[in-house]
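A quick write-up on the structure given underneath.
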Amino acid sequence: SLFQFVSGLSYYGAAPFCVMEMMLPSSPELFFVIKWYHIVAITLFIVASLVQHKCHLDLSRLRENEREPETSKQTGETENAAKYFIPSGVLFNYISCPHYLSEILIYVSFVIFTAGQNVSVCLELI
């Protein structure tokens, strides 16, 4: 719906301002010294982003042969019937929606990177 589109667009438009707020002189010094949790967060962000990308590729490949002609048993006419497939690969063999799990891990990496000191970033998980 239009409401969902506008709310999603406004969310992703406003999220960078939450991070920019931490760059103000009044904010705690989070970025001036690289700490171990910055490396963990960046690594988690990169891995989760790559997994999410691979999951989206796997899901998009399911649509390549989506509709194939099928002959109806009753009428003998050829009909286009939708073929549904269960995704496999990456984490689909273990988790039903690894692309959503990856999205959550991306936001967790933001919280780790900021050491949980920014309420706006922590609220992204809600």
Side-chain angles (χ1 to χ4, degrees):
S1 77
L2 181 62
F3 174 74
Q4 291 171 328
F5 175 74
V6 171
S7 62
L9 193 60
S10 64
Y11 170 77
Y12 286 108
F17 292 106
C18 296
V19 176
M20 288 174 53
E21 178 261 333
M22 293 185 302
M23 305 297 271
L24 296 173
S26 60
S27 297
E29 295 181 4
L30 290 174
F31 306 112
F32 298 114
V33 177
I34 295 177
K35 298 186 179 172
W36 66 269
Y37 56 84
H38 291 141
I39 296 168
V40 169
I42 291 170
T43 304
L44 179 61
F45 177 83
I46 291 170
V47 169
S49 296
L50 291 173
V51 168
Q52 185 182 43
H53 178 70
K54 176 70 170 109
C55 290
H56 286 161
L57 284 177
D58 290 345
L59 288 172
S60 69
R61 288 188 183 123
L62 291 176
R63 300 191 76 171
E64 288 176 356
N65 298 318
E66 183 178 271
R67 300 183 80 74
E68 295 179 7
E70 226 177 61
T71 305
S72 172
K73 292 179 183 178
Q74 296 173 348
T75 63
E77 295 178 12
T78 303
E79 301 174 351
N80 283 337
K83 297 278 186 182
Y84 295 98
F85 303 99
I86 297 174
S88 62
V90 187
L91 294 174
F92 281 109
N93 297 335
Y94 308 104
I95 304 168
S96 60
C97 1
H99 50 295
Y100 291 132
L101 176 63
S102 299
E103 182 85 13
I104 292 168
L105 291 176
I106 288 169
Y107 290 120
V108 167
S109 73
F110 295 158
V111 173
I112 293 171
F113 191 84
T114 61
Q117 294 183 11
N118 187 317
V119 176
S120 301
V121 172
C122 292
L123 290 176
E124 288 181 349
L125 291 173
I126 295 178

Would you say Y94 ends up clustered with L105 if hydrophobic residues are merged whenever their side chains have heavy atoms under 4.5 Å apart, either directly or through other cluster members? yes
Distance check, rounded to the nearest 0.5 Å: T114 atom OG1 versus Y37 atom OH? 8.5 Å
Rounded to the nearest 0.5 Å, how far apart are NZ of K54 and OG of S49? 16.0 Å
Report yes if some heavy atom in the side chain of D58 is under 4.5 Å from a heavy atom in the side chain of L62; otherwise report no. no
Please answer: with hydrophobic residues joined when any side-chain heavy atoms are less than 4.5 Å apart, are V40 and L101 in the same cluster? yes
Drop me the distance from S102's OG to L44's CG, to the nearest 0.5 angstrom. 9.5 Å
Apply side chain to side chain contact (heavy atoms under 4.5 Å, CB included) to residues Q52 and H56 and explain how you reach the verdict. CA-CA 6 Å; Q52 185 182 43; H56 286 161; 3.6 Å; yes
Indicate if I104 and I95 have the same hydrophobic cluster label, given that clusters are the connected sets of ILVMFWY residues with side-chain heavy-atom separations under 4.5 angstrom. yes
Can you tell me how far the SG atom of C55 sits from the CG atom of L50, to the nearest 0.5 Å? 11.0 Å
Can you check side chain to side chain contact (heavy atoms under 4.5 Å, CB included) on F92 and L59, steps first, answer last? CA-CA 10 Å; F92 281 109; L59 288 172; 3.8 Å; yes
Report the C-alpha distance between T43 and I39 in whole Å, list the side-chain angles of each, state the deciding distance to 0.1 Å, and finish with yes or no for side chain to side chain contact (heavy atoms under 4.5 Å, CB included). CA-CA 6 Å; T43 304; I39 296 168; 4.2 Å; yes
Quick check on H53: does its NE2 atom have over 12 non-hydrogen neighbours (other residues, nucleotides or ligands) under 6.0 Å away? no
